[in-house]
There are 4 protein chains.
Amino acid sequence: MQSRIPASRATGGRPRNAAADTAILAATREALVDLGWSKLTLGDVATRAGVAKTTLYRRWAGKNELVVDAVAELFDELRLPDRGSLAADIEGVVLQFAAILARPEAKSGLMAVVAESTRDDALRERIRASIVDRQKRLVLEGRARALTRGELPPEPDPATATRTIDLIFDVVAGAVVHRTLVSAEQADEDWVRDFTRLLLHGLTPLGGARGGANRPPQNPAGSV
Amino acid sequence: MQSRIPASRATGGRPRNAAADTAILAATREALVDLGWSKLTLGDVATRAGVAKTTLYRRWAGKNELVVDAVAELFDELRLPDRGSLAADIEGVVLQFAAILARPEAKSGLMAVVAESTRDDALRERIRASIVDRQKRLVLEGRARALTRGELPPEPDPATATRTIDLIFDVVAGAVVHRTLVSAEQADEDWVRDFTRLLLHGLTPLGGARGGANRPPQNPAGSV
Amino acid sequence: MQSRIPASRATGGRPRNAAADTAILAATREALVDLGWSKLTLGDVATRAGVAKTTLYRRWAGKNELVVDAVAELFDELRLPDRGSLAADIEGVVLQFAAILARPEAKSGLMAVVAESTRDDALRERIRASIVDRQKRLVLEGRARALTRGELPPEPDPATATRTIDLIFDVVAGAVVHRTLVSAEQADEDWVRDFTRLLLHGLTPLGGARGGANRPPQNPAGSV
Amino acid sequence: MQSRIPASRATGGRPRNAAADTAILAATREALVDLGWSKLTLGDVATRAGVAKTTLYRRWAGKNELVVDAVAELFDELRLPDRGSLAADIEGVVLQFAAILARPEAKSGLMAVVAESTRDDALRERIRASIVDRQKRLVLEGRARALTRGELPPEPDPATATRTIDLIFDVVAGAVVHRTLVSAEQADEDWVRDFTRLLLHGLTPLGGARGGANRPPQNPAGSV
DNA sequence: ATGTAAACGAGACGGTACGTCGTGTCTTGAA
DNA sequence: TTCAAGACACGACGTACCGTCTCGTTTACAT
């Protein structure tokens, strides 16, 4: 979680300027918006932050680590609202997630570091710790709340529960990311409602092709 | 679809060496495997292909365009098998997709160019044309086949049908990509079976928690 | 003297376009004026001449050879006028030489190929044959005319005569070139008159410091 | 005189490595000897000097400026010896000048930058300041010494004196350069003696064709 | 208050890759 | 066989960043 390089442990010496961290991360996000990941340079970030390049390298190992931290802060605001039902909870959290992903600094930065992480285990671990796990925890909380409400059956086997949670997480996060970045369409309220219905009921909600009268016509999921 | 820079004129002048294209794209994939997207250099690709750097720049505008074409060829083999049922068809095509994504040249290259495409509309269009649409067509074919089999109800409104197809595509592709790249886990047969069940039946298949006897106990979907 | 590559001796085949030579040399001089030697490119010359690069390389071995030929044509107009006295003849020919050197295509090209010739014996020989010897012949003619007029004593020893002619040639040509290119001043009529007087009478015309009354005050030579 | 690009600021930042300048200029002369001006590349010079290409570009604007500085150092050793008479002084200094010009790094480099300077006023000024003026000063000193000795008559008009000095300088420097580079012959002691005699006494030393007995027979000047 | 030690700004440094340009060769089809 | 056109292998260009380094200066804490 703590991805910055720690300061020297010796007592003496001038302490680090704490404001610099904030300024650097903000400058990084600003540069992501202006330039995107591939054109972002650490020299430029340092200049934007009003800091020497040395200071930056004293605290982060490189561009990837810096961008992970800068993007991770965007996900701090992610919360699981209690909207009364599982469907409403899912819609709420997915909308929040979509709103963050819609920001250009997230778009530019997140996928780039994920792409980098395919060849760098330490980087992937860092992303997992500071970004992904934070999201996955919401799935856990949501499931617990649904269990309490009786909306989902309890799963006695913990291994199966973990598998299911991982699956749901990949489906939810993957769908929103794909919609936003690949299809380049907004994950708006309509889409989220459709998605939630698909997630809860699937393509063939009644086990066959009997489109029931209880499904509103504007809902496409389940009637492909 | 045609992303290479076209040759200057129909007549006059030495024609382009057609074999060079093949060699360059193969060299690009090789370099993606060895170095990953961010460390891949066009000079190195040219050397691997036994070609001058200028030849490369004569045909592709830059690294992104080259990588898109190189990765796109990986998806040429993607086909929709006829396995007799909608569930089996989905499992088949998702497994194929997962197998391609598991290859390091796809992992490294695909997400990187998608990340780049967030700031480059032409690049996104190129990705859509040469990679994404090819995948989406499988969804269309699969739906048509399921309709023929009577596994899905017909959708009279074409706009709704399009929305649904887009949604399913984002869910399927997004889930596999997220599983493979972010969670960094293999999308193996077990996972694909779980995913397909979730896609078809949702989390609450019968509107409640009545897991049927026909579901094997190792299947977590629908019983969170 | 003939520095172009000869056409193939075989009878058959399309004959060379004779006008191309003229056009290429003119284009070379034009490019020398516009760009100078170091920025002149053979592709650009070919374009200016309305000729393919191949045609150019079929006739000249390279940039140096081409520029030598192009510059050599400038010296075709150099003639020894008969102005009635040795001094007047010298002034006449030096003024002509200076006028040619004042042209930008000569300035740019001549010294550059001379510089190149310090490392290329074939090039130096070509310069000697097509440019330098043509100039030196004027010295020979001028001396012959002066001998006829009785302005100079005959030199019985041919080796000594050659040495002297070489010396005079280096002094005359060197002085004009240095004035024009290094000092970057015009070799105008006043300068040529001063130079001729120095050449004929030296710094100490009467073997001492007795500046004669016959020298006009505006003449500096001999009264340093 | 100072042709290097100055360092950024007085205070702050790592200071420039002074030894690099020396190494770069020496490497430049070495490359001039090995390759000549036109084949000399800044990358090669940097490698020879054990320095990064960027370091080189940080200090010199380009090839021409670098070569001027490298060649200028060759002329540092040029001194006016006191050999007792004007003729002997001239011979001495001309021999020194010829010795420098005979070196391949001077041959290759000097004329090339002079050729370049015909299209670049700043370069010509730089050459003048760091090479030419240093030579011309010797003419001034030589004249002053000759005046003291009474070998030359004083010139009351300063403008005429300047004109004369410029003329003599162009004659001396031009003759040696032409002899060395164009005629490609050594300016050895014999030639220098002949040249000096011509400079002092001219072609017609006694106003006619009466070769005096005091001239040794091996001297051709004055008896053309 | 003074010494010590680290952080800091500035920027030079050795590298690597960039994307472009010029060279001289070649390969085509037309004349 | 020449010519126009232009692709090609090669290699240098001058620039931009990288991540490291070396300065002189500043800032806190321990003496």
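A, B, ... follow the sequence lines: proteins, then strands. Residue 1 opens every chain.
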### Task
Quick one: list whatever passes side chain to side chain donor-acceptor pair (under 3.5 Å) with Ser38(D), sequence neighbours left out.
Glu116(C)
### Selection from dA7(F), dC13(E), dA9(F) that lies nearest to any side-chain heavy atom of Arg59(D)
dC13(E)
### Task
Rounded off to whole Å, could you give me the CD1-to-C1' distance for the Ile24(D) and dG14(E) pair?
12 Å
### Query
Leu25(A) and Trp60(A): side-chain contact (heavy atoms from CB on, under 4.5 Å), yes or no, with the steps?
CA-CA 11 Å; Leu25(A) 291 173; Trp60(A) 282 276; 3.7 Å; yes
### Query
Listed by chain and number, what are the salt bridge (Lys or Arg N to Asp or Glu O under 4.0 Å) partners of Arg16(A), not counting sequence neighbours?
none
#### Entry: Euclidean distance, atom CH2 of residue Trp60(C) to atom P of dG24(E) [Å, nearest integer]
15 Å
### Whole-Å distance separating the CZ atom of Arg4(A) from the P atom of dA7(E)
16 Å
#### Entry: side-chain contact (heavy atoms from CB on, under 4.5 Å) between Val113(C) and Val71(C), worked out
CA-CA 10 Å; Val113(C) 292; Val71(C) 171; 6.0 Å; no
### Query
In residues 38-51 of chain C, what residues come within less than 4.0 Å of DNA chain E, judged by heavy atoms?
Thr41(C), Leu42(C), Gly43(C)
### Task
Mind calculating the distance between CD1 (Ile5(B)) and P (dG6(F)) to the nearest angstrom?
15 Å
### Message
Once salt bridge (Lys or Arg N to Asp or Glu O under 4.0 Å) is applied, do any residues pair with Arg58(A), and if so which ones, sequence neighbours excluded?
### Response
none
### Query
Atom CG of Asp21(A) to atom P of dC8(E): distance rounded to whole Å?
9 Å
#### Entry: Residues that Trp37(B) engages under side chain to side chain donor-acceptor pair (under 3.5 Å), provided they are two or more places apart
none
### Test side chain to side chain donor-acceptor pair (under 3.5 Å) applied to Asn17(D) - qualifying residues, sequence neighbours left out
none
### Pairing residues for Ala49(D) by the side-chain contact (heavy atoms from CB on, under 4.5 Å) criterion, not counting sequence neighbours
Ala23(D), Ile24(D), Ala27(D), Val51(D)
### Query
Any idea which of dC8(E), dA7(F), dT20(F) is nearest the Lys53(C) side chain?
dA7(F)
#### Entry: side chain to side chain donor-acceptor pair (under 3.5 Å) partners for Arg48(C), two or more places apart
Glu30(C), Asp34(C), Asp44(C)
### Query
Hey, which of these two, Tyr57(C) or Arg16(A), hits DNA chain E nearer its 5' end, going by closest nucleotide?
Arg16(A)
### Summary
Across all chains, not counting sequence neighbours, the salt bridge (Lys or Arg N to Asp or Glu O under 4.0 Å) partners of Glu65(B) are none
#### Entry: Spacing of Asn17(A) atom CG relative to dT25(F) atom C1', expressed in whole Å
15 Å
Every protein N/O within reach of nucleotides 26-31 of chain E N/O, cut-off under 3.5 Å:
from    : atom 1 : to       : atom 2 : distance (Å)
dC26(E) : O2     : Arg14(B) : NH1    : 3.1
dA31(E) : N3     : Arg14(C) : NH1    : 3.4

### Message
Requiring both pairing distances under 3.5 angstrom, list the stems that contain DNA chain F and are made of three or more consecutive Watson-Crick or G-U pairs.
### Response
E:1-31 with F:1-31
### Task
Mind checking salt bridge (Lys or Arg N to Asp or Glu O under 4.0 Å) for Arg119(B) and listing every partner two or more places apart, or none if nothing turns up?
none
### Query
Given that Lys63(D) and Thr55(C) both sit by DNA chain F, which one's nearest nucleotide is further toward the 5' end?
Thr55(C)
### Query
Could you state the CG-P distance from Leu56(B) to dA17(E), rounded to the nearest angstrom?
15 Å
